[in-house]
Asks: 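Next up is a structure, given as C-alpha cells.
Remember, it's a predicted structure, so these values are computed and weren't measured experimentally.
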Amino acid sequence: MSEALAADAIRKTLTVQCPVEEAFRVFTEEIGAWWPTDRFALRPGEVREVVLEPQAGGGVYEVGPNGERGRWATVVAIEPPRRLVLAWEVSAKTLGTEIEVRFTAEGAATRVDLEHRGWEKVADEAERGGYESGWDVVLGGYAERLSAGSAAARGVR
C-alpha cells in the first residue's frame, strides 16, 4: 500500500477486557445489540435487527419493521476469532471502501483494530469525515456492550 493510500485510511483502536474469542463473537454475532441503529442505519430508529452472515460472501444488513432488508456490506473474509473484512456498501458514496477488523489477544484483554480504507475512491471528503467521527460512536457502543456491568473497556483512540 502506498503512503498516500495509507494516510487516507480511518484507523481506530480500542482494548476490551475479555478474551479474543468473546470480543470476536460479540462483534459478529451480537452486532444488532450494540450497533447504534438510532443514528447509523439506512432507516435510523426503524431497525428491528442487524444481521452479519458469518461466511465469505455473506451479507451484513438491517431488517426494518416490515421485514425489508437494507444491505450494509458483504463479508470478504472471516477468520474467527482474529479477523473480519467487509466490502462496505451502505451508500453509493462508500462503494469501494473496505473495513478490516482485527482482534489481538493482549494478556486477558483484546485489542480491536479497525481500519476503514479505500477512501481514495470516494470524492466526498465530508462523507469520510462523518465516518471518522462515526466509528468512535459505533465502537463506543461495542465497548459498552462488552463492559456491561463493569468498567472493563478503555476508550477508542
Side-chain angles (χ1 to χ4, degrees), residues 1-2 5-42 44 47-64 69-91 94-122 128 130-157:
M1 179 182 311
S2 76
L5 297 183
D8 281 342
I10 295 169
R11 290 184 180 83
K12 302 292 178 178
T13 299
L14 71 153
T15 301
V16 293
Q17 298 300 317
C18 66
V20 69
E21 295 81 7
E22 179 70 359
F24 185 88
R25 185 191 67 72
V26 169
F27 196 97
T28 57
E29 293 177 24
E30 296 185 17
I31 190 169
W34 57 265
W35 191 279
T37 57
D38 59 326
R39 292 185 58 192
F40 299 107
L42 297 172
V47 177
R48 190 178 76 209
E49 179 182 18
V50 178
V51 176
L52 187 152
E53 298 171 334
Q55 70 273 347
V60 181
Y61 54 89
E62 65 186 54
V63 180
R69 292 180 179 188
R71 191 168 186 91
W72 292 3
T74 298
V75 176
V76 174
I78 186 163
E79 301 166 10
R82 306 276 181 235
R83 181 173 174 254
L84 173 68
V85 181
L86 305 172
W88 203 239
E89 304 162 5
V90 166
S91 72
T94 60
L95 283 176
T97 66
E98 187 173 81
I99 297 163
E100 180 171 5
V101 187
R102 291 189 174 269
F103 302 82
T104 307
E106 291 189 338
T110 300
R111 188 182 74 241
V112 181
D113 295 297
L114 180 142
E115 179 179 83
H116 192 163
R117 56 188 174 238
W119 291 101
E120 69 279 0
K121 300 170 188 167
V122 178
R128 185 191 178 286
Y131 274 92
E132 178 76 43
S133 60
W135 281 120
D136 292 336
V137 174
V138 169
L139 292 174
Y142 167 69
E144 198 172 292
R145 175 73 176 181
L146 282 168
S147 66
S150 70
R154 288 183 274 167
V156 177
R157 313 189 289 274

Asks: For residues 76-88, dump all side-chain donor-acceptor pairs below 3.5 Å to protein atoms at least two apart in sequence or in another chain.
Replies:
{"unit_1": "E79", "atom_1": "OE2", "unit_2": "R83", "atom_2": "NH1", "d": "2.7"}
{"unit_1": "R83", "atom_1": "NE", "unit_2": "E100", "atom_2": "OE2", "d": "2.7"}
{"unit_1": "W88", "atom_1": "NE1", "unit_2": "Y131", "atom_2": "OH", "d": "2.9"}

Asks: With a 4.0 Å cut-off, would you call D113 and R11 a salt bridge?
Replies: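 No.
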Asks: From R71 CZ over to R69 CZ, what is the distance, rounded to the nearest 0.5 angstrom?
Replies: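 These two atoms lie 9.0 Å from each other.
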Asks: Quick one: closest heavy-atom pair of T110 and P19, and the distance?
Replies: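 Looks like OG1-C, 3.2 Å.
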Asks: Among side-chain atoms of E62 and W72, is any donor-acceptor pair under 3.5 angstrom?
Replies: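 Yes, side-chain donor-acceptor contact under 3.5 Å.
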Asks: Looking only at atom types and distance, does a side-chain atom of Y142 sit under 3.5 Å from a main-chain N or O of A23, one as donor and one as acceptor?
Replies: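 Side chain of Y142 to backbone of A23: a pair is present.
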Asks: Would V138 and W34 count as a side-chain contact (heavy atoms from CB on, under 4.5 Å) if you check the C-alpha gap in whole Å, the side-chain angles of each, and the deciding distance to 0.1 Å?
Replies: CA-CA 8 Å; V138 169; W34 57 265; 3.6 Å; yes
Asks: If you apply the rule side-chain contact (heavy atoms from CB on, under 4.5 Å), what do you find for K12 with D136, and how did you get there?
Replies: CA-CA 8 Å; K12 302 292 178 178; D136 292 336; 2.9 Å; yes
Asks: With rounding to the nearest 0.5 angstrom, report the CD1 to CZ distance, I10 to R117.
Replies: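 Here the rounded value is 12.5 Å.
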Asks: Can you tell me how far apart CD (E115) and OG1 (T13) are? Round to the nearest 0.5 Å.
Replies: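 Between atom CD of E115 and atom OG1 of T13 there are 10.0 Å.
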Asks: Do other residues, nucleotides or ligands put more than 12 heavy atoms under 6.0 Å from the CZ atom of R39?
Replies: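 No, the 6.0 Å shell around CZ holds no more than 12 heavy atoms from other groups.
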Asks: From the options I99, D8, V101, select the one residue that forms a side-chain contact (heavy atoms from CB on, under 4.5 Å) with H116.
Replies: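 Checked I99, D8, V101 against H116; only one passes side-chain contact (heavy atoms from CB on, under 4.5 Å): I99.
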Asks: Between A109 and T15, which heavy-atom pair has the shortest distance, and what is it?
Replies: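 In this case the closest contact between A109 and T15 is CB-CG2, 3.9 Å.
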Asks: Just how far is it from atom CD of E144 to atom CG of L139, taken to the nearest 0.5 Å?
Replies: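 With rounding to 0.5 Å, CD (E144) is 12.5 Å from CG (L139).
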Asks: So, taking the atom named OH in Y61 and the one named CD in E53, what distance separates them when rounded to the nearest 0.5 Å?
Replies: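 Here the interatomic distance stands at 4.5 Å.
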Asks: Run the numbers on L42 and V90 for side-chain contact (heavy atoms from CB on, under 4.5 Å), then give the verdict.
Replies: CA-CA 7 Å; L42 297 172; V90 166; 3.8 Å; yes
Asks: Quick check: do V137 and P36 have side-chain heavy atoms less than 4.5 Å from each other?
Replies: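 Side-chain contact under 4.5 Å: yes.
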Asks: Rounded to the nearest 0.5 Å, what separates atom CZ in R128 from atom OG1 in T94?
Replies: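 Result: 13.5 Å between the selected atoms.
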